[in-house]
Amino acid sequence: MEPLSTLEIAGRIIYQLSPVWFSLAILFAASIGFKRRLGLYGKLFDSPIGMIGFGLVMFWVFTGIYGAMDMIITHDPLTQVSGMKNKVPGTPMSGASEADYPYYLLGGDNLARDVFSRLVKGAWEVIKIAPMAAVFAFMVGITLGLPAGYYGGRLDTTLSFAANLILAFPVILLFYLLVTPEIVATGVPNYMAIVLFIFPIVFVGVLLNSRYYTRPKVRNLVLPLILGIIIWFYLQLVSNGGYLINTPAYSIPGLPRVMDFFDIPGGILVVFVSVVFVNSPTVFRIVRGLTLDIKTRDYVAAAQTRGEGPWYIMLWEILPNARGPLIVDFCLRIGYTTILLGTLGFFGLGLPPESPDWGSTINDGRKLLSIYLHPALPPAFALLTLVLGLNLLADGLREESLKD
């Protein structure tokens, strides 16, 4: 077989991504058709910048999802094929069977693995970590920032000092310390996971209790049910192989294996916890600043006059009116997290060495960058477009939230 031309490579890649284009078309058609009923999300489609950013982000989201389902990859991202080391894009596979895809569309890397398949699988590695890490960081920041700004005093001073103490460390150095094997062996990331992952439980518990405080029958039914599910999910997150902590020195039993349906791989857990820990102080400061401003508004005074409790005021009066800046920061924070994940992968920290995440792939490709451009450029371009999309999406949300 002859090597593919540039147009043929582009055509085959576009065809492989058919599920992504189909999903984007349905999403945009439905969103534009019902945008007047979708609140701030619907208004986003009145902003060209926001639509472009949303399209870029959702492209990589769908690519990651379908890649995880093995619907668009052409080869196993970890399989090495003899004779395909550092081959240029469009190179045919020698001796390929009928069941094999006959080409490496974006070429082969220095270990003879398919660059296109690793690019697609790498999208899933980013998508499954960055947004959830941002969500957990926001849970921590909101749970601590609201009372700090609302109550002030010693609580505010103590929490602000702790946040500033963490922010005083250079981010990359802090990441490096948290993910080094020596620190991981001590069980410190597991301790951090146990503490940080409690905050969503606290947040949801306080949220529901404050909402249904005057309706005890509903509260007594809803609160235990939802908290029970969340606590069970929490124990699955922090338990690994039946242990909360499992180091050579000692171990702490966790959720029994019968009830533990999934385990987070150690490398991913360390990276996840590190991202949450680094981002939480910044979110805390943003939420605290917004709370200090909003708590002086008339509608907060009116809620206090009605006799509403402090947590009801914080969660149902202050937080909804701070949603604009927080939504924008959430989008930007996913972008920061994506860059940090890429940086960690580039330095070979956190995720396993064979991981197809974009940072690791760029690091592998840079070693021969003066000779072969194709292994490093696609993941670098993917990282660039995803972060660009998140920034444009944040700009669009900022514009529409100011009009809201």
Side-chain angles (χ1 to χ4, degrees), residues 40 130-169 171 174-175 178 191-211 213 227 230 234 272-301 303-304 308-337 340 390 394 397-398 401-402 404:
L40 182 60
M132 285 305 299
V135 168
F136 274 77
F138 264 72
M139 289 288 187
V140 176
I142 290 172
T143 305
L144 297 178
L146 284 173
Y150 186 80
Y151 288 113
R154 293 183 179 178
L155 177 64
D156 183 22
T157 302
T158 303
L159 293 177
S160 296
F161 176 77
N164 292 332
L165 192 63
I166 297 172
L167 292 172
F169 282 89
V171 174
L174 190 57
F175 262 112
L178 290 174
Y191 283 117
M192 293 172 62
I194 291 172
V195 174
L196 293 174
F197 292 173
I198 284 179
F199 282 92
I201 302 175
V202 175
F203 178 82
V204 173
V206 174
L207 183 75
L208 294 175
N209 183 66
S210 62
R211 183 64 176 179
Y213 184 77
L227 283 185
I230 296 176
Y234 161 80
F272 191 91
V273 170
S274 302
V275 171
V276 174
F277 181 73
V278 168
N279 281 288
S280 297
T282 309
V283 178
F284 163 82
R285 295 184 66 178
I286 293 172
V287 174
R288 173 186 172 274
L290 291 169
T291 304
L292 287 171
D293 175 45
I294 296 174
K295 75 175 184 178
T296 60
R297 306 289 175 85
D298 291 340
Y299 51 81
V300 174
Q304 293 170 337
E308 304 289 359
W311 277 105
Y312 181 92
I313 294 173
M314 283 185 271
L315 292 171
W316 298 101
E317 297 289 346
I318 295 176
L319 186 59
N321 287 285
R323 69 184 184 278
L326 291 180
I327 291 173
V328 172
D329 183 75
F330 179 76
C331 293
L332 293 174
R333 199 153 300 282
I334 296 176
Y336 301 152
T337 303
L340 288 173
L390 288 164
L397 288 171
R398 183 186 296 113
S401 63
L402 290 175
D404 193 0

Chi angles and distances behind the side-chain contact (heavy atoms from CB on, under 4.5 Å) call for Tyr151, Asp156:
CA-CA 7 Å; Tyr151 288 113; Asp156 183 22; over 6 Å; no
[atom1] of [X] to [atom2] of [Y]: how many Å apart, nearest 0.5 Å?
{"X": "Ile201", "Y": "Thr143", "atom1": "CD1", "atom2": "OG1", "value": "11.0 Å"}
{"X": "Ile313", "Y": "Tyr150", "atom1": "CD1", "atom2": "OH", "value": "3.5 Å"}
{"X": "Asp329", "Y": "Ile327", "atom1": "CG", "atom2": "CD1", "value": "11.0 Å"}
{"X": "Leu315", "Y": "Leu208", "atom1": "CG", "atom2": "CG", "value": "10.0 Å"}
{"X": "Ile166", "Y": "Phe277", "atom1": "CD1", "atom2": "CZ", "value": "3.5 Å"}
{"X": "Leu290", "Y": "Leu319", "atom1": "CG", "atom2": "CG", "value": "9.5 Å"}

Non-hydrogen atoms of [X] and [Y] that approach each other most closely:
{"X": "Ala193", "Y": "Val273", "result": "CB-CG2, 3.6 Å"}
{"X": "Leu159", "Y": "Leu144", "result": "CD1-O, 3.7 Å"}
{"X": "Leu397", "Y": "Cys331", "result": "CD1-SG, 3.4 Å"}
{"X": "Val276", "Y": "Ala133", "result": "CG2-O, 3.6 Å"}
{"X": "Ala322", "Y": "Ile294", "result": "CB-CD1, 3.7 Å"}
{"X": "Ala134", "Y": "Ile334", "result": "CB-CG1, 3.8 Å"}

Side chain [X], main chain [Y], donor-acceptor under 3.5 Å:
{"X": "Thr296", "Y": "Asp293", "result": "yes"}
{"X": "Asn279", "Y": "Val275", "result": "yes"}
{"X": "Tyr234", "Y": "Ile194", "result": "yes"}
{"X": "Arg323", "Y": "Pro320", "result": "yes"}

Go through the steps for Met314 and Val287 under the test side-chain contact (heavy atoms from CB on, under 4.5 Å), then give the verdict.
CA-CA 11 Å; Met314 283 185 271; Val287 174; over 6 Å; no
More than 12 heavy atoms of other residues, nucleotides or ligands under 6.0 Å from CZ of Phe169: yes or no?
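It does not: Phe169 CZ has 12 such atoms or fewer within range.
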Step through the shown structure and confirm whether more than 12 heavy atoms of other residues, nucleotides or ligands are within 6.0 Å of OH on Tyr213.
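Result for OH/Tyr213: open.
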Are Phe330 and Val135 side-chain neighbours, meaning at least one heavy-atom pair lies under 4.5 Å?
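Contact flag for Phe330/Val135 side chains = yes.
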Could you walk me through whether Val140 and Val283 pass the side-chain contact (heavy atoms from CB on, under 4.5 Å) test, one step at a time?
CA-CA 8 Å; Val140 176; Val283 178; over 6 Å; no
side-chain contact (heavy atoms from CB on, under 4.5 Å), that's the test. Do Phe138 and Arg333 meet it? Break it down for me.
CA-CA 10 Å; Phe138 264 72; Arg333 199 153 300 282; 3.9 Å; yes
Please name all residues satisfying side chain to side chain contact (heavy atoms under 4.5 Å, CB included) with Ser274, sequence neighbours left out, ordered by chain then number.
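For Ser274, the residues satisfying side chain to side chain contact (heavy atoms under 4.5 Å, CB included) (neighbours in sequence not counted) are Phe175, Leu178, Val179, Val270.
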Out of Phe272, Phe199, Phe203, which one pairs with Phe136 under the ring pair (Phe, Tyr, Trp, His ring centres under 6.0 Å) rule?
Phe272
